[in-house]
Amino acid sequence: MILRTHYSGDIHPELDGQEVTLAGWAHEIRDLGGICFLVLRDREGLAQVTMVAKRTEKPLLESVRQLSRESVIRVVGSVKAEPKAPRGYEIIPISLEVLGRADSPLPLDPTGKVDAELDTRLDSRFMDIRRPGSLAVFRIESAVLQSLRQTFYDHGFLEVITPKIVATATEGGTALFPISYFEREAFLNQSPQLYKQMLMSAGMDRVFEIGPIFRAEEHDTRRHLNEAISVDMEMSFADHNDVMDVLERAMVEAYRFVQENCKRDLDVLHLDLVVPKTPFRKVTYSEALDLAKEAGKPTMEWGDDIDTETERALGSIIGEHYFLTDWPSSIKPYYSQPYEDRPDVSKAFDLMHPSMELASGAQRVHDPEQLVSRIKDQGLDPDGFEFYLKAFRYGMPPHAGWGLGLGRVVTTMLGLENIRDAVIFPRDRRRLVP
RNA sequence: GUCCGGAUAGUGUAGAGGCCUAUCAUGAAGCCCUGUCGAGGCUUCGACCCGGGUUCGAAUCCCGGUCCGGGCGCCA
């Protein structure tokens with residue numbers, strides 16, 4: 001049996017006289033003596049329960065006065081339209097039931113009157129998310145996921161789930177977390193890349209996956225985590241420009257969807273969301289170096305990966321989402337396809353927000369011999385990729401794809417200071433609990 | 001990994017060698033209060049990260065450790 005008939009957000013003054021049952025947390029109790037206000041909070045907002053001492057049964061009033069903040073309660077009462085009350089209504093209680101008593105003191109203040117540091121909030125994340133501002137972020141994240149999935153379905157993609165426990169490194173470069181797998185060593189997957197590509201050989205044509213990826217890098221910044229949610233796609237019979245189009249569309253749709261469906265959450269966060277303008281500007285790697293030089297950042301050589309300072313400089317010059325294209329082949333993974341006429345440049349791209357990289361993708365190498373030679377060129381052993389290479393030898397279509405960091409999308413969309421704000425239970429260099 | 005900064009009641013803070021029996025807010029406990037909505041008023045409770053050192057005297061200075069924040073590096 002569902003213990004409530006309404007969320008607080010469902011109630012309005014026109015329900016005057018109707019009996020309702022609310023369930024939630026005792027957000028605040030303000031006892032003025034002759035009149036006592038109890039503010040109940042649920043996922044959809046706040047509702048004021050009002051008790052005039054003279055007109056309220058003693059035991060009911062007593063139970064409210066003994067309530068600890070943040071206890072879980074269920075209130076049966078009648079709606080009363082009341083101009084003096086917040087949102088024009090209040091609940092006159094008939095009965096109150098304590099479903100879960102809260103200890104005191106609380107690990108942080110869920111009303112937000114007193115701030116808490118990120119570390120304190122993460123230690124007690126369950127309590128932090130009771131704060132409307134934290135909840136709003138994750139409601140928006142849910143909307144972003146809903147919108148991204150819808151965009152994929154609209155473009156004829158199939159949702160897939162690939163293994164997170166793998167035998168070997170996906171692509172070299174990044175460090176992996178080793179795990180014990182019965183009598184063998186295995187690893188947590190750093191990317192669904194190889195599996196997505198094999199599904200192109202399988203003829204699934206267009207696939208996407210939204211799931212965790214694991215990087216054992218000791219990075220320690222506001223935009224990196226060791227467990228991240230990657231929004232990944234792969235598309236057959238398409239090139240890098242085609243998948244950039246899908247990415248641009250997915251981003252813009254996500255912004256629109258949030259703007260349309262998360263008005264209250266955006267209000268809570270005091271945000272006026274602006275949908276990025278399309279088309280996103282495309283800046284080649286070489287142009288980016290020139291821009292950086294003009295801005296007085298001449299230290300980078302062609303072939304260097306773009307460092308943080310240059311990335312920031314570009315961000316402030318360009319000032320909106322942009323694609324960074326035509327990367328040197330040497331600094332992109334082996335599966336990125338070089339241009340036929342200038343093999344030192346690849347059909348690889350990053351989607352950039354002015355403050356950080358959001359996604360990276362490419363048209364892929366689909367010729368098995370070229371792939372083997374690219375693997376060797378990057379100092380990797382093709383034998384370790386046999387399960388992957390096999391899929392290329394029996395009819396692999398041309399394909400392209402990308403991976404997008406969900407946490408970074410939400411962080412940049414909402415202007416959050418730290419990616420940990422956008423992840424419910426973040427995993428970083430130090431944090432493994434909760 | 002490295003550089004810089006930090007650690008004071010449950011939470012957020014003040015504090016610059018004696019003014020500290022440590023500030024303020026929030027909270028908790030109690031009392032007053034019939035329209036609060038960051039309610040108000042009064043009383044009470046609750047803290048200097050750990051270890052060493054300097055000094056007559058250390059929250060404050062020094063050393064080591066632990067933890068935290070930020071920058072960079074590393075990072076499809």
Side-chain angles (χ1 to χ4, degrees), chain A residues 27-39 46-56 61 65-66 68-70 80 82-88 90 102-124 127-128 131 169-176 189-194 196-197 213-226 228 230 232 234 305-312 327 331-336 346 348-351 356-362 364 378 401-405 417-418 420 428-431:
Chain A
H27 188 66
E28 278 181 293
I29 300 145
R30 275 194 283 272
D31 185 0
L32 278 63
I35 187 165
C36 181
F37 303 100
L38 162 65
V39 180
L46 304 171
Q48 175 170 287
V49 179
T50 302
M51 286 142 288
V52 175
K54 281 188 208 158
R55 281 181 254 141
T56 306
L61 190 58
R65 284 179 168 154
Q66 281 169 15
S68 58
R69 284 169 79 219
E70 294 302 314
K80 181 184 168 202
E82 172 55 69
K84 281 182 284 191
R87 284 165 296 281
E90 59 194 14
D103 276 354
S104 179
L106 303 169
L108 53 84
D109 172 21
T111 67
K113 274 183 255 181
V114 182
D115 282 341
E117 290 189 354
L118 182 59
D119 199 50
T120 305
R121 292 170 44 214
L122 292 177
D123 281 341
S124 301
M127 183 69 64
D128 177 53
R131 298 162 69 239
T170 303
E171 45 206 67
T174 199
L176 301 183
N189 207 180
Q190 68 185 100
S191 158
Q193 182 61 31
L194 306 189
K196 288 190 303 179
Q197 291 191 262
I213 57 171
F214 305 92
R215 307 278 164 98
E217 297 298 333
E218 304 220 353
H219 35 46
D220 194 4
T221 75
R222 293 186 292 170
R223 57 191 187 281
H224 288 96
L225 291 172
N226 295 290
S230 179
D232 255 275
E234 206 67 33
D305 203 352
I306 292 189
D307 60 38
T308 307
E309 192 184 347
T310 305
E311 192 178 294
R312 294 263 162 81
W327 285 74
I331 53 171
K332 281 292 173 185
Y334 57 83
Y335 49 75
S336 305
S346 281
F349 62 87
D350 283 3
L351 172 64
M356 69 181 89
E357 175 188 335
L358 299 179
S360 130
R364 319 301 192 185
Q378 297 210 348
W402 43 256
L404 168 72
E417 297 204 336
N418 194 314
R420 290 161 182 79
D428 62 29
R429 180 73 185 85
R430 303 184 186 98
R431 184 174 286 280

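Every chain is numbered from 1 and lettered A, B, ... according to where its sequence line falls, protein lines coming before strand lines.
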Using a 4.0 Å heavy-atom cut-off across all strands, classify A:Pro86 as base, sugar-phosphate, or nothing. base

Reckon A:Asn418 touches a base, only the sugar-phosphate, or nothing at all at heavy-atom distances under 4.0 Å? sugar-phosphate

Ignoring hydrogens and angles, does a donor from either the side chain of A:Lys84 or the base of B:U36 sit under 3.5 Å from an acceptor on the other? no

Contact class for A:Ser104 vs. all strands (heavy atom < 4.0 Å): base, sugar-phosphate, or nothing? sugar-phosphate

Round to the nearest Å and state the distance from A:Met127 atom CE to B:G12 atom P. 14 Å

To the nearest Å, how far apart are A:Arg312 CZ and B:G71 C1'? 9 Å

Mind checking if A:Glu28 touches a base, just sugar-phosphate, or nothing, with heavy atoms under 4.0 Å? sugar-phosphate

Contact class for A:Asp350 (heavy atom, under 4.0 Å): base, sugar-phosphate, or nothing? nothing

Please work out if A:Glu417 contacts a base, only the sugar-phosphate, or nothing of the nucleic acid, heavy-atom cut-off 4.0 Å. nothing

In whole angstrom, what separates A:Arg65's CZ from B:A29's C1'? 16 Å

Rounded to whole Å, the CG-P distance (A:Leu46 to B:U36) equals 17 Å

Salt bridge or not for A:Glu217 and A:Arg215, using N-O below 4.0 Å? no

With nearest nucleotides of RNA chain B determined for A:Leu118 and A:Ile35 from heavy-atom distances, which residue corresponds to the more 5′ nucleotide? A:Ile35

Does A:Arg429 reach a base, just sugar-phosphate, or nothing at all? Heavy atoms under 4.0 Å. sugar-phosphate

Rounding to an integer number of angstrom, what distance separates B:G53 and B:C72 when you compare their P atoms? 40 Å

Touch class at under 4.0 angstrom, heavy-atom based, for A:Ala348 against every strand present: nothing

